[in-house]
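As structure tokens, the structure follows; a few thoughts come after it.
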2 protein chains.
Amino acid sequence: MKVSAQEEYGLRCLLQLAPLGEGEYLTLTQIAEREGISTANAGKLLWILNKAGLVSSIRGTKGGYRLARAADEIHLDEIIKVLDEDVLASHCNSYTGILDACVHTGNCGIRPVIVGLHDVVRRAMAGITLAQLLGTESNVETTLHQINSMSRETAHRRA
Amino acid sequence: MKVSAQEEYGLRCLLQLAPLGEGEYLTLTQIAEREGISTANAGKLLWILNKAGLVSSIRGTKGGYRLARAADEIHLDEIIKVLDEDVLASHCNSYTGILDACVHTGNCGIRPVIVGLHDVVRRAMAGITLAQLLGTESNVETTLHQINSMSRETAHRRA
DNA sequence: TCTAATCTTGACTAAAAAGTAAGGTATCCG
DNA sequence: CGGATACCTTACTTTTTAGTCAAGATTAGA
């Protein structure tokens, strides 16, 4: 189970754009340089984000990229979905749409796990915005800590 | 973000072995046939599981595989870790061990997300055993439903 | 209008994951 | 003891994903 390179760098690019002020833009070269990836690669990622409406771009000299919406209105689950189809894919669902048709129809014991984990991950991500990832006294950690202590309670209750 | 084919099929193989009684074994051919994968591929997976001590095998005719421990003593997080290094990998941690050295030391905004999600996923998985995946009236769903409603609460509280 | 800066797009190359094949070794049974 | 069955191990092929390159298209400003 892993997050793809595309997801990771795509998210990083958005984080660069998040602190920009009104009318400010970052060029592809600037973004790529800061991330240590090629401009070609960064261009591809930003094109995906642009197409999905997460960033907007201006062409020509003095052009560049910026967020299409406020940083506190962009949630992690949407970002991941844009960069990689869905927040959690498997053979179970990736080929055939959304967890329906499957070779093991009927006796597939792992379906509930995939579905359940998918939901756990999606909820955790839906609770985090780009804006939250910026602060130095990261309130992300408190958010995730809350979720963690919740599942710890759950595990305890079952035992 | 996705679960690899190796994780998915490895887990499925274990689920086949779980309901076996004392002294019963399944052969590679049987396992592969039921999953619709080649015996070569199944052999590879079971070898990994064997090496990790999750299944035990007997060679020669009348041989085969069975679980090395009781099904209710094998947890999902251990299985995934065995099949794929860790429950959740990213460029952040996969190369360099465990979330320490990173190109973006200092100003890496996504580190807390990776760490947090890793923990959420691991806890969710640690709360589920192979045995739980067998029942027809799957109590996995209740377990996961509890975790889900927990994170829903959390999201609500923050808002 | 010309030019330089910048985004856009598709084809190409390289790396990683998944899957396959084949020879080796242990066990049973006649 | 010898053949048949089934696990063990390494090396290879295919497929998928990631990353690069280069030419085209668009805009701002002189």
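We name chains A, B, ... by the order of the sequence lines, and we start the count at 1 in each one. Excluded from the calculations below are hydrogen atoms, water molecules and symmetry mates; all remaining heavy atoms, backbone and side chain alike, are included.
For residues 17-31 of chain B, the set of pairs meeting the side-chain hydrogen bond (donor to acceptor under 3.5 Å, both in side chains) definition, not counting sequence neighbours, comprises Y25(B)-R66(B).
Rounded to whole Å, the distance from CG on L26(A) to C1' on dA5(C) is 16 Å. Rounded to whole angstrom, the span from the CG atom of L46(A) across to the C1' atom of dT6(C) amounts to 13 Å. Taking atom CD on E8(A) and atom P on dT17(D), their separation rounds to 18 Å, with Å as the unit. Atom-to-atom, CG of D84(B) to C1' of dA17(C) comes out at 10 Å; the value is rounded to the nearest Å. Rounded to a whole Å, the CG atom of L83(B) is 14 Å from the P atom of dA17(C). Between the P atom of dA21(C) and the CH2 atom of W47(B) lies a distance of 20 Å, rounded to the nearest Å. If you take OH of Y65(B) and P of dT27(C), they are 14 Å apart, rounded to a whole angstrom. Counting to the nearest Å, the P atom of dT17(D) and the CD1 atom of I48(A) are 13 Å from each other.
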Output one letter per nucleotide in nucleotides 20-30 of chain D: B when a protein non-hydrogen atom lies under 4.0 Å from the base, S when only the sugar-phosphate is that close, - when neither is. BB---SBBB--

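The listed nucleotides are dG19(C), dG19(D), dC7(C); the one nearest the side chain of A5(A) is dG19(D).
For R122(A), the salt bridge (Lys or Arg N to Asp or Glu O under 4.0 Å) partners two or more places apart in sequence, or in a different chain, are D119(A). With sequence neighbours left out, the side chain to side chain contact (heavy atoms under 4.5 Å, CB included) criterion links A40(B) to S38(B). Checked against side chain to side chain contact (heavy atoms under 4.5 Å, CB included), Q16(B) has the following partners two or more places apart in sequence or in another chain: L26(B), I31(B), R34(B), E35(B). Applying the side chain to side chain contact (heavy atoms under 4.5 Å, CB included) test to E78(A) and every residue at least two apart in sequence or in another chain returns L54(A), R69(A).
Note on T29(A): nothing from the nucleic acid sits closer than 4.0 angstrom, heavy atoms only. K51(B) comes within contact range of no nucleotide atom at all, as no heavy-atom separation falls under 4.0 Å. Contacts of G43(B) with the nucleic acid, taken as non-hydrogen atoms under 4.0 Å apart, are absent.
Shown here for N50(A) and S57(A), the closest heavy-atom pair between the two residues is ND2-OG, 3.1 Å.
Distances shorter than 4.0 Å separate some side-chain N or O of S57(B) from OP1 or OP2 on dC8(D). Between N50(B) and dC7(D) there is no side-chain polar atom (N or O) within less than 4.0 angstrom of OP1 or OP2. Contact annotation: T27(B) side-chain N/O to dC7(D) OP1/OP2 distance is under 4.0 Å.
Under the 3.5 Å distance criterion, with hydrogens and angles disregarded, no donor-acceptor pair is assigned to the side chains of T129(A) and D72(A).
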